[in-house]
Amino acid sequence: MKALVATGEPGQLITFAEVAEPNAADGVAVVEVEAFSVNRGDYFQLSGVYGTTPPAGFRPGQDIAGRVVRGATDGSGPAVGSRVVGHATAGWAERVAVPVHALAELPDRVGPVEAAALPLAGLTALRLIRTAGALAGRRVLLTGASGGVGHYLVELAAAAGAEVTAVSSTAERGARLRELGAVAVVRDPADAVGRFDLVLESVGGDSFTGSLARLAPRGTLLWFGQAGRAPVTMDFFEVLTRGAAGATIRHFSHAHSDLPDSQDLATLVRLVATGRLHPEIGRTADWADTAATLTDLSARRIRGNALLTIGATGASAPAGSMDA
Ligand SMILES: NC(=O)c1ccc[n+]([C@@H]2O[C@H](COP(=O)([O-])OP(=O)(O)OC[C@H]3O[C@@H](n4cnc5c(N)ncnc54)[C@H](OP(=O)(O)O)[C@@H]3O)[C@@H](O)[C@H]2O)c1
């Protein structure tokens with residue numbers, strides 16, 4: 001079967017290759033992939049931002065949606081023919097083996113493109129909201145708000161009763177964030193008005209220090225990324241004198257969760273199916289365009305999530321790429 005694999009070369013991150021068919025096993029089903037998404041983290045991994053560049057042949061791909069074609073051999077999880085969303089490894093392929101604890105079934109009203117936008121970005125947003133605790137009436141500042149994780153965070157935090165200020169580079173991107181529930185959109189954390197109980201920070205560099213300075217005394221900053229790649233520098237005395245004394249800074253990884261992916265994916269699917277969560281799909285393209293899509297994502301040319309389709313999904317499988 002066909003899959004996208006790492007080349008190990010900085011000039012061309014991925015290429016198509018023939019690879020072995022995946023096998024079902026106890027607790028592992030095989031899914032025929034109809035759509036997958038690419039994340040900034042995938043780009044970081046392939047381009048060596050995490051320390052090493054993956055070797056040629058490495059198989060990327062975390063977010064998939066499709067149909068089960070071989071059920072788990074112990075009978076667990078979704079049956080053959082079930083439509084599913086999964087948080088996988090090696091998912092940029094025609095078929096992928098996925099543990100049933102990382103799969104959730106899809107109702108008819110949630111299509112494969114929408115579903116494939118959910119796993120990494122949606123799990124991250126949902127778990128950040130859970131980590132943050134009660135949000136009703138809390139003032140929240142969110143950086144990187146117009147990305148895949150950011151759109152989900154705005155909608156979930158606003159629905160939980162938070163007063164959300166979103167940081168986004170352009171007015172056009174900000175308009176959608178207001179529709180999803182942000183009460184204010186600013187271009188830079190320094191422009192945000194007032195003090196915040198909670199900062200959700202994922203850009204790094206000056207964005208981190210600028211948003212830390214907006215924190216209320218004894219507020220919390222959840223630190224979940226470094227999209228701009230610039231490391232963070234902090235000055236004890238600045239934190240003290242700029243008003244955020246006693247702040248809690250908490251490093252966050254979506255991988256540290258008390259609940260299995262299947263359960264949180266099922267929650268995300270239920271929210272989408274009932275109109276309470278709206279995947280923001282900035283681009284849909286055929287998977288032949290995955291490399292170009294990764295480049296555009298890294299260059300901040302895509303708003304929200306970037307989706308790739310394999311074959312005819314019945315849900316907007318375009319000939320070329322299409323930006324929203
Ligand atoms: N901790 C975890 O478990 C976890 C899980 C998933 C993702 N993440 C991290 O969370 C962040 C968001 O992920 P994502 O998938 O939503 O990424 P994304 O779709 O690329 O969104 C990142 C957003 O950050 C904004 N941004 C501002 N300054 C930037 C800069 N200098 N470089 C790049 N982007 C900049 C961009 O919006 P504008 O261009 O409109 O400003 C962009 O929309 C990333 O840092 C990612 O690595 C962490």
Side-chain angles (χ1 to χ4, degrees), residues 36-51 60-63 87 116-132 141-157 165-178 180 182 185-192 199-211 221-232 249-257 259 261 264-265 268 279-283 293-307 323-324:
F36 61 81
S37 63
V38 297
N39 300 281
R40 182 162 291 270
D42 297 314
Y43 173 78
F44 283 166
Q45 183 180 33
L46 287 164
S47 57
V49 171
Y50 298 150
Q62 306 178 66
D63 299 352
H87 193 203
L118 288 173
L120 180 64
L123 290 172
T124 300
L126 185 68
R127 290 169 181 175
L128 276 163
I129 294 291
R130 204 153 51 220
T131 303
L141 179 65
L142 166 64
T143 63
S146 50
V149 180
H151 280 87
Y152 290 132
L153 274 175
V154 168
E155 193 168 14
L156 291 171
T165 295
V167 184
S168 178
S169 61
T170 68
E172 182 242 337
R173 292 179 175 190
R176 180 60 181 146
L177 297 170
R178 282 183 186 276
L180 290 172
V185 180
V186 295
R187 288 196 177 182
D188 189 279
D191 301 330
V199 169
L200 297 162
E201 214 297 300
S202 65
V203 174
D206 291 345
S207 173
F208 184 103
T209 38
S211 51
L221 184 149
L222 286 179
W223 183 19
F224 70 99
Q226 203 157 286
R229 297 177 57 176
V232 169
I249 298 172
R250 181 165 173 183
H251 190 272
F252 170 92
S253 167
H254 75 281
H256 301 149
S257 172
L259 299 183
D261 288 352
D264 280 344
L265 284 172
L268 293 165
E280 194 60 32
I281 295 165
R283 175 171 303 176
T293 302
L294 273 173
T295 302
D296 287 345
L297 184 73
S298 72
R300 299 165 68 175
R301 288 193 282 266
I302 299 176
R303 190 175 59 84
N305 294 107
L307 274 295
D323 284 357

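Both counts, for ligands and for their atoms, begin at 1 and track the order of listing.
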Handout entry: Option from His151, Arg176, Arg173 for which side-chain hydrogen bond (donor to acceptor under 3.5 Å, both in side chains) with Glu280 holds
Key =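 Among the candidates, only Arg176 passes.
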
Close N or O approach ([X], ligand 1; < 3.5 Å):
X      : answer
Arg173 : yes
Phe44  : no
Val203 : no
Ala227 : yes
Ile302 : no

Handout entry: ring pair (Phe, Tyr, Trp, His ring centres under 6.0 Å) between Phe252 and Trp223, worked out
Key = CA-CA 6 Å; Phe252 170 92; Trp223 183 19; over 10 Å; no

Distance to 0.1 Å, residue and atom name: give those for the protein heavy atom nearest to [atom].
atom                    : answer
atom 7 (C) of ligand 1  : Val149 CG2, 4.0 Å
atom 15 (O) of ligand 1 : Arg40 N, 3.8 Å
atom 9 (C) of ligand 1  : Phe224 O, 3.5 Å
atom 30 (C) of ligand 1 : Arg300 NH1, 3.3 Å

Which ligand 1 atoms are under 4.0 Å away from a heavy-atom of [X]?
X      : result
Gly144 : 23 (C), 24 (O), 25 (C)
Ser202 : 10 (O), 11 (C), 45 (O)
Ser253 : 1 (N), 3 (O)
Gly228 : 30 (C), 31 (N), 32 (N)
Ser146 : 37 (O), 38 (P), 40 (O), 43 (O)

Exercise for the section: Spell out, as yes or no, whether a donor-acceptor pair under 3.5 Å connects the side chain of Ser37 to the backbone of Ala116. Expected result: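 Checking the backbone N and O of Ala116 against the side chain of Ser37, a donor-acceptor pair under 3.5 Å is found.
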
Problem - Side chains of Arg130 and Asp264 in contact at under 4.5 Å (non-hydrogen atoms) - result: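 Result yes, sub-4.5 Å side-chain heavy-atom pair found.
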
Problem - Distance, nearest 0.5 Å, that separates CG of Leu141 from OG1 of Thr143 - result: 7.0 Å

Problem - Any protein heavy atom nearer than 4.0 Å to atom 46 (C) of ligand 1 - result: no

Handout entry: Test ring pair (Phe, Tyr, Trp, His ring centres under 6.0 Å) applied to His87 and His254, step by step
Key = CA-CA 12 Å; His87 193 203; His254 75 281; 5.7 Å; yes

Exercise for the section: Tell me which part of Gln226 gets within contact of ligand 1: side chain, backbone, both or neither, using heavy atoms under 4.0 Å. Expected result: backbone

Practice task
Could you establish whether Ala121 and ligand 1 come within less than 4.0 Å of each other, counting only heavy atoms on the residue side?
Solution key: no

